[in-house]
Student: 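Shown below is the structure under consideration.
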Amino acid sequence: MREKRKVIFLFRSFILIVLFLLTFVFYRDFSLYIFFSCFLILFTYAIYNSIRNNFNLLLYSFLVYCRYFIVFVFIGKSLSLAFFLYLIYPFCVTLEFSTKKRFITSSFMKFTNFDKFRLFYYAVILCLAIFLYLFSSFAYTDLFLYLSFYFCLYRLLSYFLLSKLVRSK
């Protein structure tokens with residue numbers, strides 16, 4: 001088992017190096033951002049895996065954010081973009097993750113149906129995005145609106161189509 005982990009780690013490291021070199025060759029301007037993002041994720045994972053307490057909740061949120069959005073924040077260099085991207089996905093999954101029994105928050109974070117919670121969450125986020133798009137001058141409100149609409153539609157369709165298939169089995 002330990003030998004397989006080494007092979008998997010070496011293979012992933014090789015892929016990471018190849019992808020970084022390709023990025024450096026074809027997108028030189030972005031290669032530093034990508035390198036820093038990868039380093040930040042690996043460093044945070046090392047901390048996350050070495051401790052087991054309520055601080056993991058914050059680290060989990062940061063890891064989810066880094067995994068999907070940190071490169072865009074480095075490139076965009078905007079606090080409003082960083083905040084909007086955090087609301088789109090990492091905050092929602094952090095709320096879900098906080099319901100695990102090992103966290104203090106599980107005593108007051110109770111969701112009986114995660115599908116309904118996600119649908120409600122993205123409906124609220126979509127309303128917020130529409131409001132900001134119409135009445136604010138923040139940068140990236142259009143992107144926030146598009147992503148909110150996408151996630152809300154995705155959760156709506158998954159609730160009415162996919163979750164019924166799963167529940168019927």
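Being a predicted model, the structure only gives us computed values, none of them experimental. FYI, side chains are in, hydrogens and waters are out, and symmetry mates aren't considered; it's all heavy atoms of this structure.
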Student: Report yes if the side chains of I125 and L147 come closer than 4.5 Å at any heavy-atom pair, otherwise no.
Tutor: no

Student: How about F151 and Y121: do any of their side-chain heavy atoms sit closer than 4.5 Å?
Tutor: no

Student: Would you mind listing every side chain to side chain donor-acceptor pair (under 3.5 Å) that reaches into residues 131-145, with sequence neighbours excluded?
Tutor: none

Student: How long is the gap from CG on L16 to CZ on F11, to the nearest 0.5 Å?
Tutor: 12.0 Å

Student: Listing request: all side chain to side chain donor-acceptor pair (under 3.5 Å) pairs with a residue in residues 50-70, at least two apart in sequence or in separate chains.
Tutor: Y45-R67, S61-Y86, S61-T94

Student: Measure across F84 and L132 and return the closest heavy-atom pair with its distance rounded to 0.1 Å.
Tutor: CE2-CD1, 3.6 Å

Student: Would you compute the distance between atom SG of C92 and atom CZ of F117 and round it to the nearest 0.5 angstrom?
Tutor: 4.5 Å

Student: Within the distance-only criterion (no hydrogens, no angle test), does the side chain of S37 pair as donor or acceptor with the backbone N or O of I70 below 3.5 angstrom?
Tutor: no

Student: Apply the test side chain to side chain contact (heavy atoms under 4.5 Å, CB included) to residues V18 and L22: give CA-CA distance (whole Å), side-chain angles for both, the deciding distance (0.1 Å), then the verdict.
Tutor: CA-CA 6 Å; V18 169; L22 287 172; 4.1 Å; yes

Student: Is Y150 reachable from V124 through a run of I, L, V, M, F, W or Y residues, each pair having side-chain heavy atoms under 4.5 Å apart?
Tutor: no

Student: So how far is it from L85 CG to F91 CZ, rounded to the nearest 0.5 Å?
Tutor: 15.0 Å

Student: If I compare all heavy atoms of A129 with all of S148, which pair ends up nearest, and what's the gap?
Tutor: CB-OG, 3.6 Å

Student: In this structure, are over 12 heavy atoms from other groups packed under 6.0 Å from L79 atom CG?
Tutor: no

Student: Decide yes or no for T99 and F114: does some side-chain heavy atom of the first lie under 4.5 Å from some side-chain heavy atom of the second?
Tutor: yes

Student: Please check if F43 and F20 belong to a single hydrophobic cluster, counting links between Ile, Leu, Val, Met, Phe, Trp and Tyr side chain heavy atoms closer than 4.5 Å.
Tutor: no

Student: Rounded to the nearest 0.5 Å, what separates atom OG in S78 from atom CZ in F138?
Tutor: 10.0 Å

Student: Drop me the distance from F97's CZ to L63's CG, to the nearest 0.5 angstrom.
Tutor: 9.5 Å

Student: Could you check if a side-chain atom of I34 sits within less than 4.5 angstrom of a side-chain atom of L19, using non-hydrogen atoms only?
Tutor: no

Student: Between Y89 and Y122, does the side chain to side chain contact (heavy atoms under 4.5 Å, CB included) criterion hold? Intermediate values first, please.
Tutor: CA-CA 9 Å; Y89 184 71; Y122 285 111; 3.8 Å; yes

Student: Taking only residues two or more places apart in sequence or in another chain, which ones pass ring-ring contact (aromatic ring centres under 6.0 Å, His included) with F120?
Tutor: none

Student: Would you say L21 ends up clustered with L42 if hydrophobic residues are merged whenever their side chains have heavy atoms under 4.5 Å apart, either directly or through other cluster members?
Tutor: no

Student: Should F14 and F39 be regarded as members of a common hydrophobic cluster, given that ILVMFWY residues are connected when their side-chain heavy atoms come within less than 4.5 Å of each other, either directly or indirectly?
Tutor: no

Student: Side chains of L126 and L145: closer than 4.5 Å at any heavy-atom pair?
Tutor: yes

Student: Answer yes if L40 and F55 sit in the same cluster of Ile, Leu, Val, Met, Phe, Trp and Tyr residues linked by side chain heavy atoms under 4.5 Å apart, and no otherwise.
Tutor: yes

Student: In Å, rounded to the nearest 0.5 Å, how long is the span from CG of L59 to CG of N49?
Tutor: 10.0 Å

Student: Tell me whether the count of non-hydrogen atoms from other residues, nucleotides or ligands lying under 6.0 Å of CZ in F72 goes above 12.
Tutor: no

